[in-house]
Amino acid sequence: MHTLSQRVLSASESQTLAIAARAKQMKKSGLDVISLSTGEPDFATPECAKQAAYKAIEQNFTHYTESNGIPELRAAVAQKFIRDNNILGAYESTILISCGAKHSIMNVLNAICNPGDEVIVIAPYWVSYPAMATVAGATPVIINTTAEQSFKVTAEQLQQALSTKTKCVIFNSPSNPTGMMYTRQEFDAIANVLAPHDCYILSDEIYEKIHYGIHPHISLGSYPQLAGRVITVNGCSKAYAMTGWRIGFMNAPKEVFEQAAKIQSQDTSNPTSIAQQAALAALLHADDDVETMRMEFSRRRDLVCGLVDAIGGVRFLQPDGAFYLWVDISTILSNNSTVTTASDFCQLLLDKHYLALVPGEAFGTNGYVRFSFAANDHDITQGVQRFAQLCTDLS
Ligand SMILES: Cc1ncc(COP(=O)(O)O)c(C=O)c1O
C-alpha cells in the first residue's frame with residue numbers, strides 16, 4: 001500500500017460543492033428540489049464578454065498565452081486595482097491571472113507557506129481557506145467571531161492570535177458566508193495591529209462589487225502601514241456572473257508574485273485564452289451589467305430578509321454585501337433532542353422538504369445555516385417556506 005500525502009489527507013473536501021451536487025442529483029431523479037446552496041450568480045454572463053469570447057475563437061485566439069495572463073488583461077486589472085481600490089504597488093508586472101480566485105489563493109499559499117507556519121482564518125470562514133492552508137503545508141489558526149461583533153474580528157482578538165509563527169492573515173470583506181463588511185474604522189484598527197507584525201495579509205475581495213451601500217468597500221492593500229505585504233485577490237466569477245469561465249486575479253508583493261507565477265507556470269500554465277478575452281471585455285465594458293445585477297441582488301436580499309424575519313425562533317443580521325443570509329438556528333437545535341447540529345438540520349431539510357442549504361459547520365460554526373439568494377423569487381419564497389416548515393416541525 002502506497003502512502004498518500006498527509007497534507008492532502010488531513011484537508012477536508014468542499015462541503016458546499018458536495019451538497020450542491022447531491023441536490024442536483026436528487027433533482028435529476030425527478031424530485032422537486034430547491035437549492036439555495038450554491039455560491040454563484042444566476043444571471044447570464046454579460047453580452048460583451050460573450051462576444052469577446054466568440055471573437056477570440058473566430059480569430060483563432062485558442063493557443064497558449066503568456067503563463068501569467070495576457071498583458072492587456074494584466075494591465076486592465078492593475079488599472080482596476082488602482083482606480084477602484086487604491087491598491088498601493090499595483091503594477092501590470094505583479095498581476096497574476098489564474099483559473100479563478102480559488103486558484104489565485106492556492107498559488108499564494110503554496111508560494112509563502114512552510115511547515116510550522118500558521119495561517120490565521122476568521123470564522124465563519126469561506127469553506128476553502130483552512131483546507132488550502134493545510135494543503136500548502138501550514139496550520140490554519142481559527143479566530144471565532146460572534147453575532148454580537150457582527151462576525152468581524154476585533155483588533156484585540158487579532159492581536160492575541162498573531163505570533164512569530166503567523167505567515168498570513170486572510171480577510172474576506174464582503175464575507176462569505178455572513179455578508180458582513182468591515183468599515184473604515186474597523187480596518188484602521190486592524191491595520192494598526194498588523195503593521196508591526198512580519199506577516200502577509202491576503203485580502204479576498206471577490207464580492208467587492210456586490211454590496212448594498214451601507215459601507216463602502218475598503219481594500220487593505222490601500223493602507224500605507226501595510227505596504228509591501230498585502231496580496232489582493234479578486235476575479236470575474238461573482239461580479240460578472242462568470243463562475244464557469246474560471247478567471248481570478250491578484251496583485252502581490254514582487255517576491256510572492258514571482259513564486260506564485262513559477263508555480264502556475266509549472267502547474268496549469270495560462271488560464272484559458274478565450275476566457276481571458278472575455279474577462280478583459282467584462283472589466284472594460286460591463287459596469288452597467290454589474291449595477292443591474294447588484295440592484296437585483298439588493299431587491300432579493302430585502303425579499304429573503306423579510307420572509308425569514310417572519311419565522312419565529314431564528315435570527316440573522318442583514319447582510320451588507322455578497323448574496324448570502326447567515327441564519328442562527330441554535331434555539332431550534334437546542335430545543336430538539338435528535339436534530340442537534342446544523343448538519344443534521346440540513347440533511348433532514350433536504351431529505352424531507354427537498355431544500356438544500358449549507359450547514360454552518362462547513363464554515364467552521366455550528367448553529368447556523370447559509371441561504372444563498374442568488375436564486376429566483378419562486379425558489380427564494382418556496383425555499384423559505386420549506387425552511388419555516390422544518391423549524392415548525394422541530395419546535
Ligand atoms: C470568499 C470566496 N473566495 C473565493 C471564491 C472562489 O471564486 P472563483 O470562482 O473565482 O474561484 C469564492 C467562491 O465561492 C468565495 O466565496
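Note that the coordinates shown come from a computational prediction; the quantities given were computed from them, not determined experimentally. Every number for a ligand or one of its atoms is a count from 1 in the order of the listing.
In this structure, the side chain to side chain donor-acceptor pair (under 3.5 Å) partners of Glu258, at least two apart in sequence or on a different chain, are Lys254.
Using a 4.0 Å cut-off between charged nitrogen and carboxylate oxygen, Arg299 and Glu296 count as a salt-bridge pair.
For the residue pair Ser273/Gln276, the side-chain donor-acceptor check at 3.5 Å is not satisfied.
Asn251 pairs with exactly one of Asn85, Thr94, Asn234 by the side-chain hydrogen bond (donor to acceptor under 3.5 Å, both in side chains) rule, that one being Thr94.
Around ligand 1, the residues contributing at least one heavy atom under 4.0 Å from the ligand are Gly100, Ala101, Lys102, Trp126, Tyr129, Asn172, Asn176, Asp204, Ile206, Tyr207, Ser237, Lys238, Arg246.
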Discussion item. Would Asp351 and Arg22 count as a salt bridge (charged side-chain N to carboxylate O under 4.0 Å, His left out) here? Give the steps.
Written reply: CA-CA 11 Å; Asp351 291 342; Arg22 186 153 166 255; 2.6 Å; yes
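For Tyr212 and Phe297, the distance between ring centers is not under 6.0 angstrom.
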